[in-house]
Every structure is written in structure tokens, then in C-alpha cells.
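The figures here come from the full heavy-atom set of this structure, side chains too, leaving out hydrogens, waters and symmetry mates.
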Amino acid sequence: MHSLTLQAAADSQRAPVTGWTRTHWEEAFSALVEPLVHSASPGGARLLLPGPISSHGVLATELEGFTRAFMMSAPWLATGRACVGRDGPIDLAGFFARGTLAGTDPAHPEHWGPVRDRSQHLVELAALGWALVVSREAIWDRFDARQRRQVGDYLARAHACDYFDNNWRLFAAVTHAACKRLDLPHDPGAVARHLTAVERMYLGDGWYGDGDRDQVDHYSAWGFNTWGLMWAWLDGDALPDLRDRILSRARAFVAGLPYLVASDGGFPAFGRSISYRFALVTPIVLGALLGSSDLPPGQGRAACSLVMQHFLSRPVLTARGHLAAGFIEGKTAPLERYSGAGSPYWAGMVFTAFLMPPQHPFWSAIEVPLPAQQGRFERVMPGPGLIAFGEGAHVQLVNQRAWHETAGMGGKYARLAYSSVFGPLARLGPKGVPPDNAILCSLDGLDFRCRRATSPRHLAPGFSSSRWVMTDVDPDGWVQTSVIIKGDVMVNLHWVHATREVVMREGGHALGYDGAAPESVSLRVEGRPIEAALGDARVCYIGALAGWSRGVPARPSWTGVDPRHRDNVVPVLEATVPSGGAALVALVCARVEATPVASLVGLARCELESATARLTFADGEVVLVQMGDARELDLRLGEHGVHLRGRVVMARVRADGAWLALDEDGGLRGCRASELASETRAP
């Protein structure tokens, strides 16, 4: 495995954030596409790439490589410029024309085969159609009538097929729209039906749930918003109302995307298909292309370049220069069964930026720093139930909505938080469900289950809560989980309503490593367990504030399930909860700098009165949280005596008197409350 080294000199004037200009993008594109051209089958219709075979089979895997390489290359072909690799000129137009004709010819030995209901072909035909439209002058317009009819007949096979009722509906819409642009058979009514079906999946803030489930993840970026904008570019004028809604939602999503990116270009690995890597920022590119983005152009390009740099400067390439399946260093832990060797080339959708000429503001504007580069930030996204927060090289997502019905997918969806540096442990290990950033439950203390059937309750600056059923462990029991964000720490509060005795477990962040194992630290302070792991100038800490009775030291036990590292350790707390109700409160912190564990122990203390917790932080801020059902309150909080009355779910009063209260109905009230969304670093 190796990284990509570019020859172009950094431009600190036009690109003070990344040093990258369009020249760097062009060099990166050439370096990525050249090995693909040299890896084709004799007829050119299939890419023979090293890596896993998709569950859809060898043919689908090789087709996927071709179509995604074509989709990546089409915007470059649209520029009309020659492509020159490190080994000389590359005839991209000839390569993709030859492969397209071979793959769609039933008599050719490299024919792509039948197109069936819910087959991977349906995804790849959308990519093929898009690429043919984008590169029309270079390829399609040079086909003769017979060749166009042959390719059109193959694309049209998708029109008679059933698609999965999720983001796949957008592939159907794009295929029909592409056929329309190519003067091929298509069904405008089908486009409207598919796009209307996607409407019900919209959650808010630009985010979507994948189907009828709260399966929220980065598919909102590289699936819903990307392909929705592709359709809008192809044929949005045909359905202006739907187009306007898609553009408006994408505008909201793009506005939040820079908040997911750390100062080093990393982002939280959240959900499925994270081997798509820098496809995350494709909606920024398409938003700029369609003029439907509110981001300063220089910040949009900075975000895209930074994410690309993050991966390409790390060992993500195989010995032959192909993007490896995985996330970092070809780690296969995050891969799904449907992932194949060609899957990572969805990342190439970001090169749609070449459709914008060099004088476009996306290219010409001076770069603007991202939120993480400007100081501590927090962004609340009620639609997907997420709060993004962080500073510098560490960005986190607090999650109070996403979950998955399959326990083995819990690592990808059900974590309390996702980090741009740590974890998640993405698969079941030898000891069942990994505990990193998770709240787990068990009957016997051996077989733990992650949270499922999660229902978001409240989101506000620095606070979120949800309720979830202890499925498979105590079906009549539930847990209400609240998270307080304070600087770079979280205080996780759980009210456990159990109808039988259950064992609860919560883990801190997973500290990954590839060399020597981190140091494990176990303490008891005033009878409360504290667990931590330290190594490579990083620390992962979880300390009991109330309820948790024992710690589990951070020891190597989850080899092969981390998307970034070979091994990892997780500090863990446990407690046995009897039938009835119990409160569990812990402080969780992860830092990408050496930090003595002792300095974290005194960050907060907790007082409990039944299901009401009062937190006092080291800087004098006092926070009150009603962990179960909110009851009427009439009390004074903090040294300034802020008077609270009503069904207050959460209230926080800072030492300087600024305060914020969240009521059961979601209403916010307070004095200088907006300042509490941008806390200074916890001491």
C-alpha cells in the first residue's frame, strides 16, 4: 500500500488552506485513471482490479469498475483536453467507447449479461448513462446509428426492472433522464414516481433516511444529494417543483458538510460504504455547478481538496496504483458484502468539478478555512438527530436517531458518537458487539446488544436525547439516553427502565494502533471507576459520575474490526441494574494530544435525585437534566439563582450568568443562550 505523491507545487496565495489548485486535481485524476486503463479486459468492457468480489458476483464487480471509472472520467472528457499520465498520453475516449460497445453487445464475449430486478447492473447503468451524457461529444456523438441503438437497448433494460425502495430509486430517475438526453426510450412518469417516493425519505437539514427506516448515514452525501443533483442537472426543468425541492434540500445539506470535516480532512466514518471516501464532498461540487450552494466558493473547494488530500496522502493505493477497498490502508473491516474491488471509484464523482471552467468561482476563489480550522464549533441538525462538534483535527457526530435492525450493523449506525479519528469498530468481534461509544445491554453479562428502535426526543445546543427499547434483552424495558456536550467532552446520562435485572455496558472511544499497544489506566476515585487508554499522543477516557460500579480495562480484544488501524483498545464501564429504574452517568473524552488522565478526573461531578441529574463542571457551569419523563420544576439553579419553572428537560447556567433552558415541548429560552453553543475548551 502507498500514497499518492503529486508533482505540482503548492499555491499558498490562491489556496492558503490546502495549497491545492485545479492543477493538483488534474494531476490526481490522471494518476488515478491511468492504472485503470491498464487493468482492463482485452475487450475493454471490464476492469480486472485487485480486491474483493462483490456478493453480486465477478461480472458485476468488473462492470462496476468500468462504469465508475467512466463516471469519474466523463467530466474530463467533456473538457476536450488530452489526458496525459505518467507513462504518456491516455486515449480515454477510445478506451471507454470500446468498452461500452463491447459490454452492450450480446455477441461479444465481454457482454455485461442480463439486467435483472434489484441487480447491481441497475446502479451501474445509471453511472453509464450519466457518463455518456457528460462525455457526449467525445463518445456518444461519434457512435453510428447501429451503435447508439445497441447501447440504448441495453440501457433500456433497466426501465422494466424493480429497484430497491431506497436511494436506488434515484438511479432509476438518472437512467431515464440520461436516456432522454440521448434521445433514447424513457418514461417521464417513472421519473416522477421514483422521485416522489424519495420524498418520503427526507428527514430535514438536507439528510435522508435510506428507505422507511432511520438508517441515517453518509448516503445522504454520496447517495441522495449527489444523485438527486445529477438528475437535476440532467433534466430538472421537466419537473420544476421536484427540482426546486431537491436543490433546496441539497443547499441545506451542503451548508452543513464543512462541519463534518476536521482540519486534516478526516471525517467521522458513519454508516455504510465508507470506502467511497471523498465522494462525501461531491454535493459541494454539484451544488457549485448548479449554482445552488450558499457556501463561499473558496470554502467549498477547500473542503473538497482537504478531504481528497486526507486520503491520497495516506496509504490507500495498491501496489499497482488502484484505490484499495477499505477506508485507510486497505483495512477491510468497513466493507459490506456488496462491496467489490471497483466500489471505491465512486470517490471519483468528485471530479465532476471539471465541468466548471477554470474561471468559475469554485476554482478561482481564494480558499476559506473550514469551521474546524477557525476554532471550536457546534452544529445542531434536528432532522437526522445529529450534532457535529469539534475543533482542529478532531470532529465528532453525536447520534440520537440512526440505528439498524441488524445487530451486526450496530457499529456503523447505533453508536452514541462517531469520530474523525477514533473507530468505529465496524463489525462483530469474538466477544460480540464492540463497546466503543456505545451503550449496550445484556441478561448474562456475556452477550451484549446495542441500542435499536431509537426514537429521538430533543436536540438543542450542547444537548440531545433519545429513547430506545432494550430489544432482545428486555422488550418491555427502555433506556432514555441524554448527551451533554461541554467543550471537547461528553457527559452521557442514561435512565434505565428495566423490567428484569440487566447488565449495562458503556465504552469510550476506541484507541486504534498498528504498533505497540497503548497504556491502559484503571482508577477508582471516591469509589467510582475510571478507565482510560493512552498512546501515540492520544487519550481515550471514560469516567463514572454516577451509577456505574465497575470498570473493564482497555485491553486488546477487537483485532480486525477498525477501519483505520489493525488493533484497538476500548475503556469500558459496567453496572448491574435491578428491575425498576436506575441512572447511569459517565464523562467521555477523546483527545488527539497527550493529556494526563488526572486532569480529566475532575472535569465534572454529578448529584442525583431519582431521574434528575445536576452536573457541576470545573469552570462553574451547572447543568440540570431530567433523564426520564420531564416533571414540573420550580427551582433556582447556579450561583446566579436562575429561576426555572415548568417541564424543563435540560438547563445550563454558566458561571458568568448566561443560561439556556430546553422545555419538554422543544422550546428554548435563556439569557445570552447563543453563547452556549460555542463553549470554550473544558479545563
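- Summarising the geometry of Gly411 relative to Tyr418, their closest heavy-atom pair is O-OH, 3.2 Å, with the distance given to 0.1 Å.
- The two residues Ala262 and Leu306 make their nearest non-hydrogen contact at O-CD2, 3.6 Å.
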Side chain to side chain contact (heavy atoms under 4.5 Å, CB included) between Leu260 and Leu397: does it pass, once the steps are laid out?
CA-CA 8 Å; Leu260 304 184; Leu397 276 177; 3.7 Å; yes
Verdict with supporting geometry, Asp217 and Tyr413, side chain to side chain donor-acceptor pair (under 3.5 Å)
CA-CA 7 Å; Asp217 66 358; Tyr413 288 94; 2.6 Å; yes
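- Aromatic ring pairs are classed by plane angle as parallel below 30°, tilted from 30° to 60° and perpendicular above 60°; the pair His458 and Phe463 is tilted.
- By the 30° and 60° cut-offs, the orientation of the rings of Tyr219 relative to Trp222 is perpendicular.
- Take Asp562 and apply the salt bridge (charged side-chain N to carboxylate O under 4.0 Å, His left out) test, not counting sequence neighbours, and it matches no residue.
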List the steps and the verdict of salt bridge (Lys or Arg N to Asp or Glu O under 4.0 Å) for Arg505 and Glu574.
CA-CA 4 Å; Arg505 171 182 284 181; Glu574 284 188 354; 2.5 Å; yes
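- Listed for the Gln396 side chain is no donor-acceptor partner under 3.5 Å among the backbone atoms of Ala417.
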Begin with the C-alpha distance, continue with both residues' side-chain angles, and end with the deciding distance and a verdict on side chain to side chain contact (heavy atoms under 4.5 Å, CB included) for Cys304 and Phe278.
CA-CA 8 Å; Cys304 294; Phe278 39 88; over 6 Å; no
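- Between Phe267 and His218, a ring centre-to-centre spacing shorter than 6.0 Å is recorded.
- Taking the six-membered ring for Trp and thresholds of 30 and 60 degrees, Phe224 and Tyr208 have nearly parallel ring planes, at less than 30 degrees apart.
- Classification of the Phe362-Trp25 ring pair by plane angle, with boundaries at 30° and 60°, yields perpendicular.
- From Ser482, atom OG reaches atom CH2 of Trp495 across 12.0 Å, with rounding to the nearest 0.5 Å.
- Inspection of the Ser419 and His394 side chains reveals an N or O donor paired with an N or O acceptor under 3.5 Å.
- By the neighbour-count criterion of 12 heavy atoms within 6.0 Å, atom CG of Leu668 is densely surrounded, having more than that number from other residues, nucleotides or ligands.
- A salt bridge is defined here as a Lys NZ or Arg NE, NH1 or NH2 lying under 4.0 Å from an Asp or Glu carboxylate O, and Asp514 with Arg566 fails to meet this definition.
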